[in-house]
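Quick note: numbers below take in every heavy atom, side chains included, and nothing from hydrogens, waters or symmetry partners. Order of appearance sets the numbers: ligands from 1, and atoms from 1 within every ligand.
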Amino acid sequence: MLVFILNAGSSSLKYQLMNPETTEVLASGLCERIGIDGRLVHEANETKTKKDLDMPTHKEAIEIVLDVLTQGENKVINSIEDIDSIGHRVVHGGEYFSTSVLIDEDVVSKLKELIPLAPLHNPAHIIGIEICKELMPTKPNVAVFDTAFHQTMPASSFMYAVPYEDYKEHKVRKYGFHGTSHFYVSDQAKQMLNKEDSKVIVCHLGNGSSICAVRDGKSIDTSMGLTPLEGLMMGTRSGDLDPAVISYLMERKDMSANEMTNYLNKKSGLLGVSGISSDLREIIEAAANGDERANTTIDMKCNRIKKYICSYAGMLEGVDAICFTAGIGENADLIRQRVCSGLEFMGVEIDNEKNQVRNDQNREINKETSKTKIFVIPTNEELVIAKDTYNLTKA
Ligand code: ADP
């Protein structure tokens, strides 16, 4: 059984070919600069190749990927007939989808309807789905949604305190994102805890960052909202702020709605405050060299994570495990240490030596005496996509 996993973005396309039964990854890679010029980074048979190739649209990109999988010295299959099914990562499933689904005409029309909620992502996913249907017409396609895991949130978590009609008419509510990662990591934590009715907080800290409160395997609240802009301070996204800042700055700086959206999504966060980079490693380095603004940026990042952890511990009425995942969560021991220090009052005791160990395994980094476990769990969204695709198509 082989699943072709596709994550189509507006000018990029990530892919993997995985056997969901053995979890073996046969090949993985990325097409970048689609519609501009085109670059392929492909990894298979322990060999990484980079090539500049013409990719005017997503169609040529997918054709190129299918070619490198089936031809040349690093081919991993003989023909596309060896692919059994295709799993698509889809950012926004709105209120329609609370689980992964087999894609049919009705699913595609719902994805189209949801474009206003994810104007950059859903159109690219639809293109990816349509091209796969054209190039591999006999293969089933499955959609796996970033929002689906959070559909268990109660109304008290997902409603915004704005007039109710705007929820009904315009679907203004919190949806949450990174659901596949929050599901995977909380599920791993549940197994590591081996406890009924577990209370877990997952901190997915990458360029995009979000936190999720998970009770007995179900998301009960999460920090991202209608879009992935709400919540934590991120690489270039502001996260939470007083909504009045928006109209205030639009008036003072004569900004349009589009300019403001760009300002909050692309120019804010770590980049905006530090003035250095959206990459936390560069900010940590600058802080170590005495840059005050870099220091403040790191303090802000950590304080905000801490605030969410404490508020979710309150909502969960306790916490069995705090989990760190994604680029920052898995690698930045400094951030984990700063976030956890001071939380001893709620039974969180980090072990500084264990925290500094680096590997790609699930690991526990709390002291023996800590009432709350602290886990580092490398996320694996592709595995969830492959397994869901396999389960929905094996019949
Ligand atoms: P994306 O959301 O793009 O998938 P990732 O999960 O790959 O992001 O995370 C990228 C972030 O992880 C970057 O901000 C990068 O600086 C950070 N990061 C990776 N390794 C380290 C490290 N050793 N120390 C601090 N930050 C790190």
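- No hydrogens or angles considered: a donor-acceptor pair under 3.5 Å links the side chains of Glu113 and Tyr96.
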Below 3.5 Å, can you tabulate the donor-acceptor pairs from side chains in residues 376-384 to any protein atom, sequence neighbours excluded?
from   : atom 1 : to     : atom 2 : distance (Å)
Thr379 : OG1    : Ser181 : OG     : 2.8
Asn380 : OD1    : Leu383 : N      : 3.1

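- One finds a salt bridge joining Glu130 and Lys112 here, because a Lys/Arg side-chain nitrogen approaches an Asp/Glu carboxylate oxygen to under 4.0 Å.
- Cation-pi check for Arg173 over Phe158 is met; the charged atom lies under 6.0 angstrom from the ring centroid and within 45 degrees of its normal.
- Using a 3.5 Å distance cut-off with no hydrogens or angles, the side chains of His178 and Ser210 do pair a donor with an acceptor.
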For ligand 1, output the ligand-protein N/O contacts shorter than 3.5 angstrom; if there are none, return none.
from     : atom 1 : to     : atom 2 : distance (Å)
ligand 1 : 2 (O)  : Asn207 : N      : 3.1
ligand 1 : 2 (O)  : Gly208 : N      : 3.4
ligand 1 : 3 (O)  : Asn207 : ND2    : 3.2
ligand 1 : 6 (O)  : Gly327 : N      : 2.9
ligand 1 : 8 (O)  : Asn207 : N      : 3.1
ligand 1 : 12 (O) : Ile328 : N      : 3.3
ligand 1 : 14 (O) : Leu280 : N      : 3.4
ligand 1 : 16 (O) : Asp279 : OD1    : 2.3
ligand 1 : 16 (O) : Leu280 : N      : 3.0
ligand 1 : 16 (O) : Arg281 : N      : 3.4
ligand 1 : 23 (N) : Arg358 : NH2    : 3.2

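- The aromatic rings of His125 and His121 sit parallel to each other, their planes meeting at less than 30°, with 60° as the upper class boundary.
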